[in-house]
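Take a look at the structure set out below.
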Amino acid sequence: MAISTTLNLSPTLPRSLCSNHSSCFSTPSISLSPTPTKTTLLSLSLIHTQNRTVFLAFSTNAASTNSNINYNLASGGGSGGNENGSGGGGGGDNNDGNDDNNKKNNKDEALMALAEASRSLESLPKDLKAAVKDGRIPGSILLRYFELEKSSFLSWLMKFGGFKERLLADDLFLAKVFIECGVGLFTKTAAEYSRRKENFFNELEIVFADVVMAIIADFMLVYLPAPTVSLGPPIAATAGRLAKFLYSCPDNAFQVALRGTSYSLLQRIGAIVRNGAKLFAVGTTSSLVGTVVTNAMINARKAVDHSVEDEVENVPVLSTSVAYGVYMAVSSNLRYQVLAGVIEQRMLEPLLHRHKLFLSAICFAVRTGNTFLGSLLWVDYARWIGIQKAHDVESQVGTSVTC
């Protein structure tokens, strides 16, 4: 539990302090070493015998005539959750009336992170600055931002709000995008080669179009259900009730809520519905392009070789596209929501967060298995609704861009 203490010190601060605070710590001896970093902000490190991390943030009160220093001491255990500063496995759904206290603790930790990095609040982007002022993000999120900012590519990528929110929630987000798109590229290319065989290189333009659509769909399947750190501005007061409700929903129905943030059951259900609508549009569009290209190829083949007119049938464009949109909105949506919010964020990340390479390998295996499962489910679904016959599912695999 976070503990807040207010002290008034004289202008001459001693080099070290020893305090007996047995009610807060398991050991009676605590050593504080103050190090001034700016005229208006000081940074303190706190160490005790059990090496427990303690956050300490304080600032000078310039308006005070006696230059007293007011500072708040907050224990690092205050987050009570994982290193994202979340509320733990409960996901922040249990509102205990401590929202204001949580926001205050978030702001104190954020100020400490700024002091530790020798950064000012004004140096942050507008959305992060507003989030710090409102107490919506803990110090760990700022520290992650500073780490990501060291990479010129990631720094450029974080100029886009959607990528910034996802990278701050999961520093392996890009790795998961590459995993998903890489697996999709391999499986789609293999399927195209299996279907076209000796005509593969002669129809390379069509193959390229199909593969590009598959990669776009794979990217959206990772991007849309990914957990995020919400940094967006408040929605306009004139917005309708439905718009306000959908705006308040998380991007992943199962994601862990940051301390000071909570999601109701209705909001989490709303996240599934909202993402389902987006994936329906993605699936319908991608399948529409895929089926049109496939039919164009079939018709061109029939024009050249009349012997195949009775052997190869055109793919139904509208029914296949809508069916695939529904499949993406239901099956793919639920599977990727559970994968990102439950399996990865709630199960794998807490266990393996100190072993990023091993965590990435496990994510690769899990996502590859999910892609394979999706392919099997699509075949069964396509047969069940009658858009593909049992004997020609394999020959029409190109109409299914991703699962």
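If you read the sequence from its start, that first residue is 1, and numbering goes on from there.
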Single hit among Asn105, Asn106, Asn102 for side chain to side chain donor-acceptor pair (under 3.5 Å) with Arg259: Asn106
Shortest non-hydrogen separation from Cys249 to Gln267 and the atoms involved: SG-O, 3.3 Å
Considering all heavy atoms, the nearest Phe254-Gln345 contact: O-OE1, 4.4 Å
Minimum-distance pair of heavy atoms, taken over all atoms of Leu167 and Met158: CD1-CG, 3.9 Å
Enclosure of Phe364 CZ (heavy-atom neighbours >12, cutoff 6.0 Å): no
Plane angle bin for Trp384 and Tyr381 - parallel if under 30°, tilted between 30 and 60°, otherwise perpendicular: tilted
Residue pair Phe200, Thr189: steps toward the side-chain contact (heavy atoms from CB on, under 4.5 Å) verdict: CA-CA 10 Å; Phe200 180 83; Thr189 304; 4.1 Å; yes
Plane angle bin for Tyr327 and Trp378 - parallel if under 30°, tilted between 30 and 60°, otherwise perpendicular: perpendicular
Heavy-atom closest contact (Val132 atom, Lys107 atom, distance): O-CG, 3.7 Å
Residues, nucleotides or ligands: over 12 heavy atoms within 6.0 Å of Leu357 CG: no
Asn275 versus Asp251, closest heavy-atom pair with distance: ND2-O, 2.7 Å
Minimum-distance pair of heavy atoms, taken over all atoms of Leu168 and Val229: C-CG2, 3.9 Å
Value rounded to 0.5 Å, distance of CZ in Arg367 from CD1 in Ile343: 9.5 Å
Non-hydrogen side-chain atoms of Arg383 and Val379 separated by less than 4.5 Å: yes
